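Worksheet: one structure, shown below.
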Amino acid sequence: MGTRLAAMILAGGKGTRLQSLTKKVAKPAVSYGGKYRIIDFPLSNCANSGITSVGVLTQYESSELNTYIGNGEKWGLNGVRSLTSVLTPKETEEGSNWYLGTADAIYQNIDWLDRVDPEYVLILSGDHIYSCSYDPMLRKHIQTGSDCTISVYRVPMEEAPRFGILVANDKDEIVDFQEKPKKPISNLASMGIYIFTYKVLRSALLADHKKENSSHDFGKDIIPTMLREKRKLSVYLYEGYWKDVGTVASLHQANMDLLMSAGTTNLYTVQGDNRIYSEDAHSTPQYIGPRASVSDSLINQGAAILGKVRHSVVSGDVLIEEGASVINSVVMNGAIVRSGAKVSDAIIGPDTLIEKDEKINEERDGIALVVNGKAARL
């Protein structure tokens, strides 16, 4: 199926709600789960689906992300019969153009898609946490003869106003779209995952580009226009774990969800062949000291734990000194927690130093974010 399907991963957003974590790095390159980056998930899903042509569209603070993606080798997408391309905004006769919206990003890379010449195009977000194969969604798209199939996720009705909501009939055909409605009539939230028949997508992008009043966005422009034109749009219901890590609190929760006691998801029960691939840092083995105390936690290679760790996710090359404690927290790569320090309900950014006897969120009021020694309570 992969020879018929090309994937385009939108990975250029600023991720401003992650605050200082994304000040100098794109959101898809942010650390997750002790050893991963967020971009590992959509790229691994593509690899597990047999997709051999993948474009990754980057923009904001993209240097580290571009280097990390490289030629796709980490995900097995650099072979003779596979292709991973990092696609950045480029200078044309019209000037140097930033991507104006999700649809404009794809429009600016129509030439790349034309060279790949796919029958179908899968459009993904680069900042969602989930593990799946896209094969069932593609099969449904083909079987129903749809112009566009949108993956949806059932959310509690009280949370529906936060999402783009799709309304479908008993044949799973989309009959209405509500953008963050105050009074939703459905709880089918769009996941921002689309499969288009390429000829239809190409025509829609060309038409949208000519509209001066368009925001050039799939949810705001392309999908509503296709509905008005009576195109056949269908929903595909996704029922696995999925998380949009758009805020510090949601990133913290997604990390906590990985712990075995959470019962929602973890990396040890990924079904079938849907493995998540990442960079091997070739660090030393993890070390748990003789007076250390560790429970209900993920500890990555290269970490040295001499103090106390409870219900936490600890990345590689982290040092937690004797007498220090880390509870219900995420400690990212290269951070150091000195002796006597107390860290609770927090995310500690990469290479951040927590000083001796320092107290981080001792009152456990929300989630604290500490990056480069600067704390912010959220």
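Numbers here are sequence positions counted from 1. Keep in mind it's a predicted model, so treat the numbers as computed, not measured.
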Answer yes if [X] and [Y] sit in the same cluster of Ile, Leu, Val, Met, Phe, Trp and Tyr residues linked by side chain heavy atoms under 4.5 Å apart, and no otherwise.
| X | Y | result |
| --- | --- | --- |
| W112 | L206 | yes |
| I327 | L319 | no |
| I222 | V175 | no |

Let me confirm one number: the [atom1]-[atom2] distance from [X] to [Y], rounded to the nearest 0.5 Å.
| X | Y | atom1 | atom2 | answer |
| --- | --- | --- | --- | --- |
| D104 | L57 | CG | CG | 10.0 Å |
| E119 | D117 | CD | CG | 9.5 Å |
| S344 | K359 | OG | NZ | 10.5 Å |
| S31 | M332 | OG | CE | 4.5 Å |
| L259 | D296 | CG | CG | 5.0 Å |

If you compare all heavy atoms of [X] against all heavy atoms of [Y], which two are closest, and at what distance to 0.1 Å?
| X | Y | result |
| --- | --- | --- |
| M226 | C148 | CE-CB, 4.0 Å |
| R310 | S297 | C-OG, 3.7 Å |
| Y194 | G219 | OH-N, 4.0 Å |
| I38 | V245 | CD1-CG2, 3.6 Å |
| S20 | L369 | OG-CD2, 3.5 Å |
| A189 | V155 | CB-CG1, 3.8 Å |

Kindly indicate whether the side chain of [X], heavy atoms from C-beta on, has any atom under 4.5 Å from the side chain of [Y].
| X | Y | result |
| --- | --- | --- |
| I354 | I348 | yes |
| Y236 | P136 | yes |
| T149 | L233 | no |
| H311 | M256 | yes |
| T84 | N71 | no |
| D208 | Y107 | no |
| W242 | I129 | no |
| I347 | V370 | no |

Quick check: are there more than 12 heavy atoms from other residues, nucleotides or ligands sitting under 6.0 Å from NZ of K232?
yes
If you draw a 6.0 Å radius around CD in E279, do more than 12 non-hydrogen atoms from other residues or ligands fall strictly inside?
yes
With distance as the sole criterion, is a donor-acceptor pair present between the side chains of [X] and [Y] under 3.5 Å?
| X | Y | value |
| --- | --- | --- |
| S329 | H252 | no |
| S146 | S234 | yes |
| R275 | S131 | no |
| D135 | S49 | no |
| D221 | H216 | no |
| S278 | Y68 | yes |
| T58 | N66 | yes |
| D244 | Y130 | no |
| N109 | Y99 | yes |
| N328 | D345 | yes |
| D257 | Y241 | yes |
| T102 | D217 | yes |

Pair D172-K140, side-chain contact (heavy atoms from CB on, under 4.5 Å): steps then yes or no:
CA-CA 10 Å; D172 288 342; K140 182 170 184 179; 2.6 Å; yes
Salt bridge (Lys or Arg N to Asp or Glu O under 4.0 Å) between E322 and R291: does it pass, once the steps are laid out?
CA-CA 8 Å; E322 187 171 345; R291 286 179 290 277; 2.8 Å; yes
Under 3.5 Å donor-acceptor, [X] side chain and [Y] backbone:
| X | Y | value |
| --- | --- | --- |
| T352 | N372 | yes |
| S203 | K199 | no |
| D40 | Y36 | no |
| K27 | L21 | no |
| Q178 | I185 | yes |

Applying side-chain contact (heavy atoms from CB on, under 4.5 Å), name anything that partners P156, two or more places apart in sequence or on another chain.
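side-chain contact (heavy atoms from CB on, under 4.5 Å) list for P156, sorted by chain: E158, E159.
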Given the rule in the side chain to side chain donor-acceptor pair (under 3.5 Å) test, do D114 and Y198 qualify, once you have shown the distances and angles that lead to the verdict?
CA-CA 9 Å; D114 285 345; Y198 182 47; 2.7 Å; yes
Give me the one residue out of [options] that meets side chain to side chain contact (heavy atoms under 4.5 Å, CB included) with [X].
| X | options | value |
| --- | --- | --- |
| R231 | V200, I174, T197 | V200 |
| V314 | I305, V294, V337 | I305 |
| M8 | L201, L87, L124 | L87 |

Start with the C-alpha distance between E358 and R338, add both sets of side-chain angles, then the distance that settles side-chain contact (heavy atoms from CB on, under 4.5 Å), and finish with yes or no.
CA-CA 8 Å; E358 187 175 355; R338 293 294 189 197; over 6 Å; no
With side-chain contact (heavy atoms from CB on, under 4.5 Å) as the criterion, how do C132 and Y238 come out once you've worked through the C-alpha distance, each side chain's angles and the decisive distance to 0.1 Å?
CA-CA 9 Å; C132 76; Y238 176 76; 3.8 Å; yes
Looking at D280 and K74, is any side-chain nitrogen of the basic one under 4.0 Å from a carboxylate oxygen of the acidic one?
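Judged by the 4.0 Å cut-off on N to carboxylate O distance, K74 and D280 do not form a salt bridge.
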Begin with the C-alpha distance, continue with both residues' side-chain angles, and end with the deciding distance and a verdict on side-chain contact (heavy atoms from CB on, under 4.5 Å) for L205 and I106.
CA-CA 8 Å; L205 292 173; I106 305 299; 3.5 Å; yes
Is the Lys NZ or Arg CZ of K243 less than 6.0 Å from the centre of F41's six-membered ring, within 45° of the axis?
no
Row check, Y32 ring normal vs R37 NZ/CZ: under 6.0 Å, within 45°
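No, R37 and Y32 do not form such a contact.
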Can F196 and Y120 be said to form a ring pair (Phe, Tyr, Trp, His ring centres under 6.0 Å), step by step?
CA-CA 6 Å; F196 286 91; Y120 307 102; over 10 Å; no
Please enumerate all residues that pass side-chain hydrogen bond (donor to acceptor under 3.5 Å, both in side chains) together with T225, with sequence neighbours excluded.
R228
